[in-house]
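Here is the structure we will look at, set down as structure tokens.
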Amino acid sequence: MTEMKDRRRITIERTYESSIEDVWELWATKEGIESWWGPEGFTTEVLNLDLQPGGELRYAMTATGPDQVAFMKSAGMPLTTPGLISYTEISPLTRIGYIHVADFIPDVEPYDVSTLVEFHSDGKHVRMVLTFDPMHDEMWTKRAVMGHESQLRKFEKILVAKSS
């Protein structure tokens with residue numbers, strides 16, 4: 001694995017009108033993860049979920065939207081890529097820490113991306129704070145931010161539908 005020298009962190013915050021249990025379920029179950037994980041135009045199949053420190057999430061993410069399929073092809077990437085997350089911290093209803101192996105980028109040695117997700121509930125709202133390492137360069141870091149923001153739009157739509 002290539003070790004990243006730039007240790008700055010990126011933070012994205014969202015507040016949802018939802019119960020902490022509904023938010024946690026989307027992060028902590030196979031069905032929940034499959035419903036929102038990955039940017040718009042991608043679907044995710046959870047292959048294995050072991051939600052505990054030292055446990056793993058193995059998944060396959062597939063480009064399904066026309067723009068995403070075109071991007072993957074133009075970048076020389078397969079339409080379906082496997083993903084591996086190793087959980088470093090699980091504190092039910094409050095924190096999830098994990099390391100994602102960035103091994104899907106053509107001509108770049110695999111490296112680890114550390115992420116911490118914190119959940120803060122006041123009973124009616126949940127503030128979710130997502131903090132993660134940058135990617136290997138600015139272009140891929142921007143893509144990672146855009147990807148997180150896109151999947152969080154999916155996340156929000158699911159929570160809104162649950163509360164309807």
Side-chain angles (χ1 to χ4, degrees), residues 7-69 71-72 79-104 112-135 140-164:
R7 295 294 16 154
R8 72 184 168 106
R9 305 278 285 165
I10 296 148
T11 301
I12 299 173
E13 292 189 33
R14 296 288 185 274
T15 300
Y16 304 106
E17 191 171 325
S18 181
S19 71
I20 187 65
E21 293 81 8
D22 284 349
V23 170
W24 183 260
E25 181 182 326
L26 291 179
W27 279 93
T29 66
K30 177 184 188 305
E31 297 78 16
I33 293 166
E34 288 179 341
S35 71
W36 69 274
W37 190 270
E40 293 155 311
F42 288 84
T43 59
T44 298
E45 178 187 3
V46 172
L47 306 173
N48 183 54
L49 174 61
D50 183 13
L51 189 70
Q52 63 178 330
E56 294 180 340
L57 165 62
R58 289 184 180 274
Y59 63 91
M61 187 180 303
T62 303
T64 55
D67 291 344
Q68 292 75 14
V69 168
F71 169 78
M72 297 297 278
L79 295 183
T80 298
T81 56
L84 172 62
I85 284 175
S86 299
Y87 291 108
T88 56
E89 178 181 354
I90 302 295
S91 297
L93 305 178
T94 59
R95 292 167 66 101
I96 297 177
Y98 62 87
I99 294 172
H100 180 238
V101 179
D103 60 356
F104 51 86
D112 291 339
V113 178
S114 178
T115 301
L116 178 64
V117 187
E118 299 171 287
F119 308 96
H120 307 276
S121 177
D122 67 8
K124 293 183 180 181
H125 302 89
V126 177
R127 183 170 61 96
M128 187 171 72
V129 181
L130 181 74
T131 306
F132 57 96
D133 292 337
M135 301 296 280
W140 278 92
T141 298
K142 285 180 184 177
R143 288 178 178 165
V145 170
M146 289 173 21
H148 281 296
E149 289 176 344
S150 177
Q151 71 184 11
L152 291 176
R153 284 190 294 274
K154 290 168 56 177
F155 190 91
E156 182 171 23
K157 287 176 187 174
I158 292 161
L159 287 175
V160 167
K162 274 183 167 249
S163 67
S164 300

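- With rounding to the nearest 0.5 angstrom, the CG atom of Leu93 is 11.5 Å from the CD atom of Glu25.
- Put simply, the side chain of Ser86 never gets that close to the backbone of Glu56: no donor and acceptor are under 3.5 Å apart.
- No side-chain heavy atom of His120 sits less than 4.5 Å from a side-chain heavy atom of Asp122.
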Determine, stepwise, if the pair His100 / Thr115 fulfils side-chain contact (heavy atoms from CB on, under 4.5 Å). CA-CA 8 Å; His100 180 238; Thr115 301; 5.5 Å; no
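- A donor-acceptor pair is defined here as one N or O able to donate and one able to accept, closer than 3.5 Å; such a pair exists between the side chain of Glu34 and the backbone of Val46.
- Scanning all heavy atoms of the two residues, the minimum distance from Arg14 to Ile12 falls at NH1-CG2, 3.3 Å.
- Under the 4.5 Å side-chain criterion, counting only non-hydrogen atoms from C-beta, Leu26 is in contact with Trp36.
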Apply the test side-chain contact (heavy atoms from CB on, under 4.5 Å) to residues Phe119 and Ile96: give CA-CA distance (whole Å), side-chain angles for both, the deciding distance (0.1 Å), then the verdict. CA-CA 9 Å; Phe119 308 96; Ile96 297 177; 4.1 Å; yes
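- For the pair Glu40 and Arg153, the salt-bridge criterion is met [side-chain N within less than 4.0 Å of a carboxylate O].
- Scanning all heavy atoms of the two residues, the minimum distance from Thr80 to Ala60 falls at CG2-CB, 3.9 Å.
- When side chains are defined from C-beta on, Pro134 counts as touching Arg8, because their heavy atoms get closer than 4.5 Å.
- The distance from the NZ atom of Lys124 to the OG1 atom of Thr15 is 15.0 Å, given to the nearest 0.5 Å.
- Of all non-hydrogen atoms in Gly147 and Pro39, the two that sit nearest each other are CA-CG, 3.9 Å.
- Taking the six-membered ring where the residue is Trp, His148 and Phe132 present tilted rings, their angle falling between 30° and 60°.
- Nearest heavy atom pair, residue Leu49 against residue Ala28, reads CD2-O, 3.6 Å.
- Of the possible donor and acceptor atoms, one in the side chain of Lys154 sits under 3.5 Å from a partner among the backbone N and O of Gly38.
- Between the side chain of Arg9 and the backbone N or O of Ser114 there is at least one donor-acceptor pair closer than 3.5 Å.
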Would Gln151 and Phe42 count as a side-chain contact (heavy atoms from CB on, under 4.5 Å) if you check the C-alpha gap in whole Å, the side-chain angles of each, and the deciding distance to 0.1 Å? CA-CA 9 Å; Gln151 71 184 11; Phe42 288 84; over 6 Å; no
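- Test Tyr98, Tyr87, Trp27 against Leu51 for side-chain contact (heavy atoms from CB on, under 4.5 Å) and you get one pass: Tyr87.
- Ser121 places no side-chain N or O within donor-acceptor distance of the main-chain N or O of Val126, the cut-off being under 3.5 Å.
- Atom NZ of Lys142 sits about 11.5 Å away from atom CD1 of Ile10, to the nearest 0.5 Å.
- Rounded to the nearest 0.5 Å, atoms CD (Gln52) and CD1 (Ile90) are 9.0 Å apart.
- At least one donor-acceptor pair under 3.5 Å links the side chain of Thr88 to the backbone N or O of Gly97.
- For the pair Phe104 and Met61, the minimum side-chain heavy-atom distance is 4.5 Å or more.
- In this structure, the side chain of Ser18 does not engage the main chain of Leu159 through any donor-acceptor pair within 3.5 Å.
- For the atom pair CH2 of Trp24 and CD of Glu21, the computed distance is 11.5 Å after rounding to the nearest 0.5 Å.
- Glu89 CD to Ile99 CD1: the interatomic distance, rounded to the nearest 0.5 Å, is 11.5 Å.
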For side-chain contact (heavy atoms from CB on, under 4.5 Å), just list the numbers for Val101 and Asp112, CA-CA rounded to whole Å, side-chain angles, deciding distance to a tenth of an Å, and then say yes or no. CA-CA 5 Å; Val101 179; Asp112 291 339; 3.8 Å; yes
